[in-house]
Amino acid sequence: MVKVGVVYSIVRDLCNKDQKGFVTPAVFNTLAEAAQINVYNEMFNELKLATRLRRSGSDAGRDKSAYKMVEEDLSHFISTRVLDVADENLDDAEEVARVSKPPNLSRIISMHLFETNTSLEILYDAEKAKRVLNSNLSTPTEGFPVALISGYNIDIFPQTISEDVVINYYRVPTPPFYAVTEISDGFVIEDITNSRDFELPDHYLTELVGEIARMIGVRLRDDV
């Protein structure tokens with residue numbers, strides 16, 4: 001993973017060279033978190049492009065495959081959690097079991113019932129969900145359950161479902177943190193024990209530095 005101390009040193013030197021002033025660790029940590037999220041989201045855009053290449057037969061094979069490389073990078077963020085339907089809120093008026101989203105949820109991959117392994121159809125549109133629930137042909141059953149994603153909650157239909165629900169999802173990256181220890185008169189060094197590296201592979205170093213530099217206003221004429 002990309003070392004937070006390495007990124008800080010590069011950004012600090014770039015700012016000194018460009019006369020942007022000293023970047024404090026506190027400011028850096030705020031920018032570093034935003035930069036990591038930007039790069040993380042861009043990985044999904046790259047996956048879409050790689051998917052198109054793969055479908056058109058233009059993607060290289062094996063270790064040169066663009067799709068494989070992005071998929072491997074994103075696999076680090078795949079998480080699985082069991083949602084306890086029985087212990088969550090039951091809304092009798094809407095005839096729905098409501099569970100809370102995992103706090104670190106970024107994007108849902110799939111959902112299924114824990115005991116029967118039955119997949120849940122995932123809906124994000126409340127209007128579409130209403131049509132599904134009111135239809136005689138598509139009304140959710142225990143054999144064909146539905147999950148409506150809204151706000152901080154996930155509504156499970158039908159209400160009769162009481163077994164746990166397993167959710168597979170991409171989680172939000174843990175924010176990096178550059179910790180320092182003061183030696184004397186404002187002179188500080190990295191506190192490696194309490195620092196937290198970026199959750200991105202080493203080959204994203206240049207992108208992270210570029211993102212932070214742009215936020216500060218440093219123009220990079222050459223690759224870092």
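Numbers here are sequence positions counted from 1. In this text the structure is predicted, and so the values were computed from the model without any measurement. Below, all heavy atoms of this structure are taken into account, side chains as well, without hydrogens, waters or symmetry copies.
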Original post:
Checking Arg12 against Phe28: charged group under 6.0 Å from the ring centre and within 45 degrees of the axis?
Top reply: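 No, a cation-pi geometry is absent between Arg12 and Phe28.
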Would you give the length of the straight line joining atom [atom1] of [X] to atom [atom2] of [Y], rounded to the nearest 0.5 angstrom?
{"X": "Met69", "Y": "His203", "atom1": "CE", "atom2": "NE2", "answer": "8.0 Å"}
{"X": "Arg131", "Y": "Leu133", "atom1": "CZ", "atom2": "CG", "answer": "11.0 Å"}
{"X": "Thr160", "Y": "Ile156", "atom1": "OG1", "atom2": "CD1", "answer": "11.5 Å"}
{"X": "Thr174", "Y": "Asp197", "atom1": "OG1", "atom2": "CG", "answer": "11.5 Å"}
{"X": "Asn38", "Y": "Met43", "atom1": "CG", "atom2": "CE", "answer": "13.0 Å"}
{"X": "Leu47", "Y": "Leu74", "atom1": "CG", "atom2": "CG", "answer": "6.0 Å"}

Decide whether [X] and [Y] are clustered together by the hydrophobic rule: side chain heavy atoms of Ile, Leu, Val, Met, Phe, Trp, Tyr closer than 4.5 Å, transitively.
{"X": "Tyr124", "Y": "Ile154", "result": "yes"}
{"X": "Val11", "Y": "Val39", "result": "yes"}
{"X": "Leu205", "Y": "Met1", "result": "no"}
{"X": "Leu208", "Y": "Ile10", "result": "yes"}
{"X": "Ile216", "Y": "Tyr8", "result": "yes"}

Subject >> Side-chain (Lys101) to main-chain (Ser150) donor-acceptor, under 3.5 angstrom >> reply: no
**OP:** Say whether, by atom type as modelled, one donor and one acceptor occur between the side chain of Ser110 and the main chain of Asn168 under 3.5 angstrom.
**Re:** no
**OP:** Show the numbers, then the answer: is there a ring-ring contact (aromatic ring centres under 6.0 Å, His included) between Phe198 and Tyr204?
**Re:** CA-CA 10 Å; Phe198 290 87; Tyr204 286 99; over 10 Å; no
Subject >> side chain to side chain contact (heavy atoms under 4.5 Å, CB included) assessment of Asp84 paired with Val99 >> reply: CA-CA 7 Å; Asp84 191 345; Val99 294; over 6 Å; no
**OP:** Could you check Thr139 against Val132 for side chain to side chain contact (heavy atoms under 4.5 Å, CB included), going step by step and ending with a plain yes or no?
**Re:** CA-CA 6 Å; Thr139 300; Val132 169; over 6 Å; no
**OP:** Please check if any side-chain donor atom of Tyr178 sits under 3.5 Å from a side-chain acceptor atom of Asp191, or the reverse.
**Re:**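 No pair is found: no donor N or O on one side chain lies under 3.5 Å from an acceptor on the other.
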Original post:
Would Tyr169 and Thr80 count as having a side-chain donor-acceptor pair, cut-off 3.5 Å?
Top reply: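 Their side chains do not contain a donor-acceptor pair, so the 3.5 Å distance test is not met.
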Original post:
With a cut-off of 6.0 Å (strictly less than), are more than 12 heavy atoms of other residues, nucleotides or ligands near NZ of Lys3?
Top reply: no
Original post:
Would one find more than 12 heavy atoms of other residues, nucleotides or ligands at under 6.0 Å from atom CZ of Phe144?
Top reply: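 Open.
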Do you know the tightest heavy-atom contact between [X] and [Y]?
{"X": "Val146", "Y": "Pro140", "value": "CG2-CG, 3.7 Å"}
{"X": "Val85", "Y": "Ser162", "value": "CB-O, 4.3 Å"}
{"X": "Ser195", "Y": "Ala179", "value": "OG-N, 3.0 Å"}
{"X": "Asn29", "Y": "Pro176", "value": "OD1-O, 4.4 Å"}
{"X": "Ala35", "Y": "Glu211", "value": "CB-CB, 3.7 Å"}
{"X": "Gly5", "Y": "Glu190", "value": "CA-OE1, 3.6 Å"}

Original post:
Should side-chain heavy atoms under 4.5 Å link Ile, Leu, Val, Met, Phe, Trp and Tyr, which residues sit in the same cluster as Val172?
Top reply: Ile37
Original post:
Hey, what else clusters with Val82 if you join Ile, Leu, Val, Met, Phe, Trp, Tyr whenever side-chain heavy atoms sit under 4.5 Å?
Top reply: Phe114, Val166
Taking the side chain as everything from C-beta on, heavy atoms only, tell me whether [X] gets closer than 4.5 Å to [Y].
{"X": "Asp164", "Y": "Leu83", "result": "no"}
{"X": "Asp73", "Y": "His76", "result": "no"}
{"X": "Val7", "Y": "Val4", "result": "no"}

**OP:** Decide, yes or no, whether a salt bridge links Glu199 with Arg171 under the criterion of side-chain N to carboxylate O below 4.0 Å.
**Re:**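 A salt bridge links Glu199 with Arg171.
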**OP:** Any chance you could lay out the side chain to side chain contact (heavy atoms under 4.5 Å, CB included) test for Gln36 and Asn41, step after step, and finish with the verdict?
**Re:** CA-CA 9 Å; Gln36 178 169 256; Asn41 289 331; over 6 Å; no
Original post:
What do you reckon, are the aromatic ring centroids of Tyr170 and Tyr40 less than 6.0 Å apart?
Top reply: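 No; Tyr40 has its ring centre 6.0 Å or more from that of Tyr170.
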**OP:** Identify which one of Ile167, Asn117, Thr118 satisfies the side chain to side chain contact (heavy atoms under 4.5 Å, CB included) criterion when paired with His112.
**Re:**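 When side chain to side chain contact (heavy atoms under 4.5 Å, CB included) is applied between His112 and each of Ile167, Asn117, Thr118, only Asn117 qualifies.
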**OP:** Please assess Leu123 against Ile149 for the test side chain to side chain contact (heavy atoms under 4.5 Å, CB included), listing each intermediate value before the final yes or no.
**Re:** CA-CA 6 Å; Leu123 302 177; Ile149 314 301; over 6 Å; no
